[in-house]
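Structure first, commentary second.
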Amino acid sequence: MTVETKMNRPGPLKAEGSWSNVFSYHTMDIEVAKSEGIYFYDVNGNKYIDASGGPMAFTLPHGDKRMKEAISKQMENFTHVHPTLSNKPQADYCSKLAEVTPKNLNTSYLVCGGSEAVETAIKAARQYHLASGNPSKHKVISNYGSYHGMTLATQGLSGNPGYQRHFGEMLTKWPHIHQYSDHDKPDGMSREEWGLKCAERLEKMIYFEGPKTVSAYIATPQGCGSDYAAVAPKEYWQRIREICDRYDVLLIADEVVTGFGRTGKWFAMEHFDVEADIMTVAKGITGCYVPMGAVVVSDRVNEPFKSGAAYFVHGFTNGGHPLGCAAATKALEIYQEDNLIDNSNKMGNYLHSFKEELLDRPCIKDVRGWGLMMCLEVVASKESGEYFESSKGAEGVFQSIALKNGLAFYSTLYGARREPIFKRGLPLMISPPISINKNQIDDLMHRLYESLDEWQEEMGVC
Ligand SMILES: Cc1ncc(COP(=O)(O)O)c(C=O)c1O
């Protein structure tokens, strides 16, 4: 197979011309003119495969006419609703969403993105406990290495000192535990046994913080940071569920990345037969056609709000925006009509069939994930298991080689800024729109192999 698109290697964008008015913009010097299916086109007509679905976000095909029509139609009717009037598109969408969410997760609060969804979730948990006669429950436990957003509250939850460094004094110091990882599993121990051991960390943290003070535990189903796309055994999540129940701690599944088919099921927690009490979603909810997010609460959490015992003290001007609701409703229809969740599962299996070939390369230490979410752990040397020092600019070099070969990857943010104390590689995510077909995966892999070979040679990986 030949690579159709070859261009000069793009470099980092300089803050010149109209870009000089954009605050702190970091990107490559490529201007997108159009997007369609799994592809972007730049102003010079070069074509790029959207290899990581933007920031693991674009689940739907780009440029889908059905989305454009649904959003335009809503625009012709009305674009916003006065807060004292009812917003029917919101009610209709919440009903439709409840048809695909897990059994007990039936009631949604609509927001404008993932960070807002996470903040909303921890406030809903707090108010649930207040209304249930547990006023001291307010702490939220989260994972080290996790990412839950960029607002101050969500950054406090995110267990990544790289992001927290500049804002330390401004952040809430939430307790963190280590997430499940295959990386530090003791030799000879099964994944199941290790999963149960890892889950014990939650119980210990609840004990030491004081069960009466702990409101919720928030985690992504797919790991995060160095452990992106780590799939824990079912036993891990089932034990986490038991521990949360034992101490009346709400389990919040942050499905901002994994929701809407990314892992081959509607929502990733379904793989473990575990239901959260609260689920946060964004990204795939509209495939990013319109900014949108949602917090879905279980019937139990909804009860005091439904009965009138509690009133949720919260709200955003653009939460439940009618254009967002029109886009999200159409997105759900497209997922169903085009069998995209099933496609993610089937194409995911096909993508993962390249695992051994990928592992043959000196720069790939691990390949993991599920559905159309594959993480390559890229290293400078398999022996050391480490990535390059940030001064080598290895991630930028890879980005620019990949773009030249027609592949757009998301810069993971874990590269240049990563802490050197952990002997881990750089997570490189392959998570294209879930409408991708077999030939397109072949094309993506061909370009990826070519890019990895060039990068290995340039960086001296052998
Ligand atoms: C797991 C998770 N939660 C929350 C967020 C924040 O979402 P947003 O960027 O839409 O605010 C992200 C963003 O990548 C995420 O990966």
Side-chain angles (χ1 to χ4, degrees), residues 26 50 52-60 109-125 140-160 162-164 167 171 174 176 179-180 216-232 237 251-263 267-269 276 278-296 316 318-321 324 327-328 331 369-373 375 409-415 417 427-431:
H26 309 285
D50 182 8
S52 52
M56 294 171 273
F58 310 149
T59 36
L60 292 175
Y109 191 91
L110 303 183
V111 295
C112 309
S115 305
E116 279 188 10
V118 171
E119 289 227 18
T120 302
I122 62 175
K123 287 168 90 174
V140 184
I141 299 174
S142 61
N143 289 335
Y144 286 116
S146 63
Y147 179 71
H148 295 288
M150 275 291 174
T151 61
L152 290 174
T154 57
Q155 243 182 343
L157 290 173
S158 303
N160 194 316
Y163 303 136
Q164 296 185 346
F167 311 103
L171 303 177
W174 299 113
H176 291 93
Q179 61 194 333
Y180 178 88
Y217 170 58
I218 184 166
T220 52
Q222 86 286 1
C224 214
S226 298
D227 281 301
Y228 249 128
V231 182
W237 281 106
L251 176 59
I252 305 176
D254 183 351
E255 296 241 17
V256 164
V257 167
T258 48
F260 300 97
R262 173 54 67 208
T263 67
F267 302 97
M269 289 302 279
I278 302 181
M279 174 169 81
T280 53
V281 288
K283 304 197 189 237
I285 193 169
T286 58
C288 295
Y289 275 76
V290 176
M292 175 88 169
V295 178
V296 193
F316 299 105
N318 286 310
H321 195 288
W370 42 8
L372 285 169
M373 180 173 194
C375 175
F409 275 105
Y410 174 54
S411 156
T412 57
L413 298 179
Y414 293 93
R417 299 165 189 79
L428 179 73
M429 301 305 301
I430 304 182
S431 48

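Numbers for residues simply follow the sequence, beginning at 1. Start at 1 and go down the list; that is how both ligands and their atoms are numbered. On a predicted model such as this, the values are computed, not experimentally measured, just so you know.
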Exercise. Step by step, would you call I122 with I252 a side-chain contact (heavy atoms from CB on, under 4.5 Å)?
Worked result: CA-CA 8 Å; I122 62 175; I252 305 176; 4.1 Å; yes
For this session: Could you walk me through whether W174 and I218 pass the side-chain contact (heavy atoms from CB on, under 4.5 Å) test, one step at a time?
Result: CA-CA 11 Å; W174 299 113; I218 184 166; over 6 Å; no
For this session: Kindly indicate, with the supporting measurements, whether the criterion side-chain contact (heavy atoms from CB on, under 4.5 Å) is fulfilled by Q222 and M373.
Result: CA-CA 9 Å; Q222 86 286 1; M373 180 173 194; 3.2 Å; yes
Exercise. Once you round to the nearest 0.5 Å, how far does CG of N143 lie from CG of D254?
Worked result: 10.5 Å
For this session: State which residues pass side-chain hydrogen bond (donor to acceptor under 3.5 Å, both in side chains) with S158; sequence neighbours excluded, sorted by chain then number.
Result: none
For this session: Ignoring hydrogens and angles, tell me if any N or O in the side chain of T220 forms a donor-acceptor pair with the backbone of G223 under 3.5 Å.
Result: yes
For this session: For ligand 1, list the protein residues that place a heavy atom within a distance below 4.0 Å of one of its atoms, sorted by chain and number.
Result: G113, G114, S115, Y147, H148, G149, T220, D254, V256, V257, K283
